[in-house]
Amino acid sequence: MIEVADVFRRFADEYLSAHGASMPPSHRRAIADIQACRTEVLGGRLWRCEQCDAEVFSYHSCKNRSCPKCHSRQTERWLEARKAEMLPTRYFHVTVTVPEQLRDTLRANQRDGYTLLMKAAAEAIVELARDRRHVGATVGVLAVLHTWTQQLLYHPHVHCLVTGGGVSDDGADWRPARRAFLVPVRALAKLVRGKLRAGLQKSRPDLVLPDAVWSKPWVVQCTPWGEGEQAVLDYLARYVFRVAITNTRIVGLDDDAVAIRHKHRKSNRWRITRIPGQEFMRRFLQHVLPKGLHKVRYFGLWHPARRKDAARARLLLLLDRQTTQPRGRIGADAADPSANPKTSDDPRVCPCCRKGLLIFVRQLSPKWAQGP
């Protein structure tokens with residue numbers, strides 16, 4: 001499989017020579033980390049098969065959030081922790097996309113621009129949902145920032161997972177949303193636009209934006225997502241941990257260009273596009289976020305300050321579910337060990353003979369730390 005790391009090894013030196021002086025530190029770090037990921041540069045462990053004596057090297061990952069090879073175990077732990085926070089209810093998926101005239105400003109002011117965009121989108125959803133004509137309660141919103149298209153073009157937008165209902169102002173009741181309707185999307189688009197404009201005027205009065213940004217309609221979509229824990233996990237796996245491009249979509253690499261697979265939106269068919277190597281580097285790196293900028297944020301009922309309200313909502317929903325389920329089904333999944341199979345803790349099987357088990361031999365020091 002061709003990897004992003006292979007592309008970087010071929011084109012990074014030329015790219016750094018041309019743009020290194022003006023590159024932000026996060027871009028330099030991403031290039032170095034992705035090239036070193038799971039190689040002897042970072043060190044690792046040496047294993048030996050007890051049956052065929054084959055030696056297997058297991059190198060450390062770089063843990064850079066832009067690396068397509070990292071975070072599998074971290075993701076599993078994060079998902080497991082989120083299970084306790086999610087509510088057993090229906091969910092909606094809301095997508096907010098900014099107009100083209102605003103993109104250059106966001107790219108040049110990522111830390112302020114992205115933060116304000118996510119805040120405006122989530123707070124607008126919470127505000128409209130509190131209207132008695134819609135939900136009449138405080139919903140939970142998990143907002144995720146994405147900045148790319150499948151061809152790695154710059155396209156900033158926010159995905160929001162929204163609870164299909166919320167807690168009343170007094171915290172005593174759970175009020176469900178209608179099955180296929182959360183809030184009116186046109187009103188939501190206008191409110192997001194207004195909140196972002198007010199936020200930019202307050203935080204960054206130095207920015208001058210074209211009038212078309214605030215006069216043209218913004219694109220907002222809202223669709224029912226599903227119900228229960230599986231719907232949440234599907235959402236998190238699909239959006240929260242996605243990087244700009246995965247290694248599986250890179251299908252060709254030569255001295256001049258990179259070939260990638262991407263789905264054409266109108267035809268819904270996969271196509272292959274060749275991108276010059278330097279252009280691929282530029283497109284990929286424009287989606288590397290500044291250090292410390294969080295791409296996932298919680299609002300409304302999921303805000304850390306409202307944990308007690310969220311816990312009460314979970315209890316109310318669980319009690320309501322138990323009263324509506326058949327008596328024999330309540331808690332059946334929790335009581336049946338086969339319903340929640342655990343991952344195996346068996347030792348690793350040798351990838352060479354596929355019969356023997358791997359025995360740990362020794363720790364491998366990072367290559368840069370080794371002596372001559």
Side-chain angles (χ1 to χ4, degrees), residues 1-44 59-75 103-118 144-156 204 240-250 253-260 275-297 364-370:
M1 180 188 298
I2 303 172
E3 300 181 349
V4 172
D6 299 320
V7 180
F8 280 12
R9 293 185 188 107
R10 182 158 298 189
F11 299 110
D13 289 344
E14 183 180 349
Y15 189 88
L16 289 168
S17 297
H19 308 287
S22 59
M23 287 175 59
S26 58
H27 290 194
R28 287 179 168 274
R29 181 61 182 268
I31 292 175
D33 286 349
I34 291 174
Q35 289 186 89
C37 187
R38 297 185 186 176
T39 69
E40 65 275 9
V41 174
L42 299 181
Y59 296 117
H60 295 316
S61 59
C62 67
K63 299 182 181 179
N64 191 297
R65 60 178 169 178
S66 297
C67 179
K69 291 194 296 186
C70 283
H71 312 300
S72 58
R73 291 184 180 178
Q74 179 185 3
T75 299
R103 294 175 189 172
D104 288 343
T105 300
L106 288 181
R107 179 158 42 189
N109 303 272
Q110 295 183 30
R111 195 173 296 277
D112 292 330
Y114 292 158
T115 299
L116 291 171
L117 173 61
M118 297 176 71
V144 185
L145 173 70
H146 281 187
T147 61
W148 57 81
T149 67
Q150 286 216 340
Q151 297 185 62
L152 299 181
L153 299 176
Y154 187 68
H155 184 72
R204 295 297 304 274
V240 173
F241 299 103
R242 182 177 290 179
V243 295
I245 187 171
T246 58
N247 290 328
T248 56
R249 288 209 294 120
I250 302 177
L253 174 64
D254 55 37
D255 291 337
D256 300 314
V258 185
I260 67 171
I275 305 173
Q278 297 301 304
E279 174 62 12
F280 180 92
M281 295 282 300
R282 185 195 70 81
R283 290 191 190 184
F284 184 94
L285 291 172
Q286 70 182 341
H287 307 300
V288 174
L289 299 178
K291 183 179 180 180
L293 177 63
H294 297 287
K295 61 174 287 187
V296 181
R297 298 173 187 245
L364 301 173
S365 301
K367 187 175 181 181
W368 58 266
Q370 295 176 355

What's the shortest heavy-atom distance between [X] and [Y], and which atoms?
{"X": "M118", "Y": "H294", "answer": "SD-O, 3.9 Å"}
{"X": "V240", "Y": "K295", "answer": "O-NZ, 3.3 Å"}
{"X": "V41", "Y": "A36", "answer": "CG1-CB, 3.8 Å"}
{"X": "I31", "Y": "M23", "answer": "CD1-CE, 3.7 Å"}
{"X": "C62", "Y": "I34", "answer": "SG-N, 4.4 Å"}
{"X": "R9", "Y": "D6", "answer": "NH1-OD1, 3.1 Å"}

When rounded to the nearest 0.5 angstrom, what is the spacing between [atom1] in [X] and [atom2] in [Y]?
{"X": "T248", "Y": "E3", "atom1": "OG1", "atom2": "CD", "answer": "11.0 Å"}
{"X": "T105", "Y": "D112", "atom1": "OG1", "atom2": "CG", "answer": "12.0 Å"}
{"X": "R65", "Y": "K291", "atom1": "CZ", "atom2": "NZ", "answer": "10.5 Å"}
{"X": "R249", "Y": "I2", "atom1": "CZ", "atom2": "CD1", "answer": "14.0 Å"}
{"X": "R10", "Y": "Q35", "atom1": "CZ", "atom2": "CD", "answer": "12.5 Å"}
{"X": "L153", "Y": "H287", "atom1": "CG", "atom2": "NE2", "answer": "7.0 Å"}

Verify, without hydrogens or angle tests, whether [X] (side chain) and [Y] (backbone) share a donor-acceptor contact under 3.5 angstrom.
{"X": "R103", "Y": "P156", "result": "no"}
{"X": "R242", "Y": "H146", "result": "no"}
{"X": "Q110", "Y": "L289", "result": "no"}
{"X": "N247", "Y": "V4", "result": "yes"}
{"X": "Q286", "Y": "W148", "result": "no"}

Parallel, tilted or perpendicular: ring planes of Y114 versus Y154, cut at 30 and 60 degrees: tilted

Residue list, ring pair (Phe, Tyr, Trp, His ring centres under 6.0 Å) with F284, at least two apart or on another chain: F8

Trace of the side-chain contact (heavy atoms from CB on, under 4.5 Å) decision for C37 with C70: CA-CA 8 Å; C37 187; C70 283; 3.6 Å; yes

Contact check, side chains of P276 and Q278, non-hydrogen atoms, under 4.5 Å: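 No. Closest side-chain heavy atoms not under 4.5 Å.
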
Pair listing, side-chain hydrogen bond (donor to acceptor under 3.5 Å, both in side chains) test, anchored in residues 18-30, at least two apart: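 Of all non-adjacent pairs touching residues 18-30, those that pass side-chain hydrogen bond (donor to acceptor under 3.5 Å, both in side chains) are R29-D33.
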
